[in-house]
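Taking it in order: structure first as structure tokens, then the write-up.
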Amino acid sequence: MTTRTPWRHTALLAGLVLLTAACGGTTKSDVEQQASASATAASSAAADPNAPIKQGLKIAFLPKQVNNPYFTIANGGGIEAAKEFGGEGKEVGPSDASASSQVSYINTLTQQKQDAIVIAANDPNAVVPALKQAMAAGIKVVSYDSDTAPEGRHVFVNQASAEDLGRTQVQLLAEQVGHKGKIAILSATPNATNQNTWIEFMKDELKKPDYKDMELVKVAYGNDDDQKSFTETQGLLRSYPDLAGIISPTTVGIAAAARYLSDSPSKGKVKLTGLGTPNQLRKFVKDGTIEAFELWNPADLGYLASYAAAALASGQVTGAEGEKFKAGKLGEYTIGAKGEVLLGKPTVFNEDNIDDFDF
Ligand code: RAM
């Protein structure tokens, strides 16, 4: 049972300095500057935790790209949640994950007067001007999976602690390569907020004495495109014939890398870990290409983001720290610092448990 706190909060809006957004993409220092100038786009209205969820809410899911099985599962969870609370969910989005590919979709959703936009940002800044216009028109914005700069959204639903994800992927690979040798990262796009944050934690983890005999030789980008990720894997093995292992923190990248490795003489020799879905990677665990990898439940991520959007659109929360809302079967969540809500801990999959999961 949950205790409801009669809680009121007036979020501060005045005096926010809104930072400039660049359409062409974002550098790491832009992200750092914005994080330190952090101010989420909380609305000025007071939250009423006892407000009922409004009926007929229109919630639009805007993934990094639509042809990515991970987002199909996540948005399926989000649309299911919308049905549960008497709303209408839909998915729209670009077919590529480039920095500004989502802008025209945001503009259309604003014109359509959606109640909420739930977005996995391809770039922390490129989407911000369009999202600000959406918010100015009364639309609630939730980022999930990959955050925008804080002033581009009311709430960020994070899949797991970024620090934990970054460090554990290094730990998984280190165990597999015996803490020795050259390693590479096969990432998504160069602008992706989530992958870039995780990679910073991976680099930090690698500074520890435990990893003194491991060397990160390259960060390659497969752009969350299957073919490009496949070719980049091939390129890594050609450039570094003595490569010991690859971390691919993207479901698209790890699946393409696994496909390449499983058909090559490096199968089982060049170790591969990262983030993937059990259904895509099961056969590579069984054939010895992959020992262990991790992920959260994507459907739960979409489901939670959908309830966060409904809580915002119904006035239960404004996005301020300490506010609470209920997310159906997942229970109650509290909004943390910088408008962040955390789904939970990821699962590590290996030969012993992979058949217990179906997503
Ligand atoms: C890809 C996307 C997504 C990421 C997962 C792990 O599908 O890049 O943003 O969270 O991988």
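Whatever order the structure lists them in is the order used to number ligands and atoms, beginning at 1. Only heavy atoms go into these numbers, but all of them, side chains included; no hydrogens, no water, no symmetry mates.
Ligand 1 has no N or O atom lying under 3.5 Å from any N or O atom of Trp198, backbone or side chain.
Of the candidates Asn350, Val285, Leu272, Phe293 forms a side-chain contact (heavy atoms from CB on, under 4.5 Å) with just one, namely Val285.
Counting only heavy atoms of the protein, atom 7 (O) of ligand 1 lies nearest to Thr251 OG1, 2.6 Å. For atom 9 (O) of ligand 1, the closest non-hydrogen atom on the protein side is Asp145 OD2, 2.5 Å. Among all protein heavy atoms, the one lying closest to atom 2 (C) of ligand 1 is Asp224 OD2, 3.2 Å.
Between the side chain of Ser306 and the main chain of Gly78, a donor-acceptor pair closer than 3.5 Å is present. Side chain of Ser248 to main chain of Leu186: a donor-acceptor pair is present (N/O by atom type, distance under 3.5 Å, no hydrogens or angles).
No side-chain donor-acceptor contact under 3.5 Å links Tyr144 and Asn158.
Annotation for ligand 1: atoms under 4.0 Å from non-hydrogen atoms of Asn68 are 1 (C), 7 (O). Against a heavy-atom cut-off of under 4.0 Å, Gln159 is close to the following atoms of ligand 1: 10 (O). Every atom of ligand 1 with a heavy atom of Asn194 under 4.0 Å away is listed here by number and element: 3 (C), 4 (C), 9 (O), 10 (O).
Checked for salt-bridge contact, Lys140 and Asp115 miss the test: no charged N lies under 4.0 Å from a carboxylate O.
Neither the backbone nor the side chain of Tyr144 has a heavy atom within less than 4.0 Å of ligand 1.
Residue Ile290 comes nearest to Ala258 through the heavy atom pair CD1-CB, 3.9 Å, listed as atom of the first residue, atom of the second, then distance.
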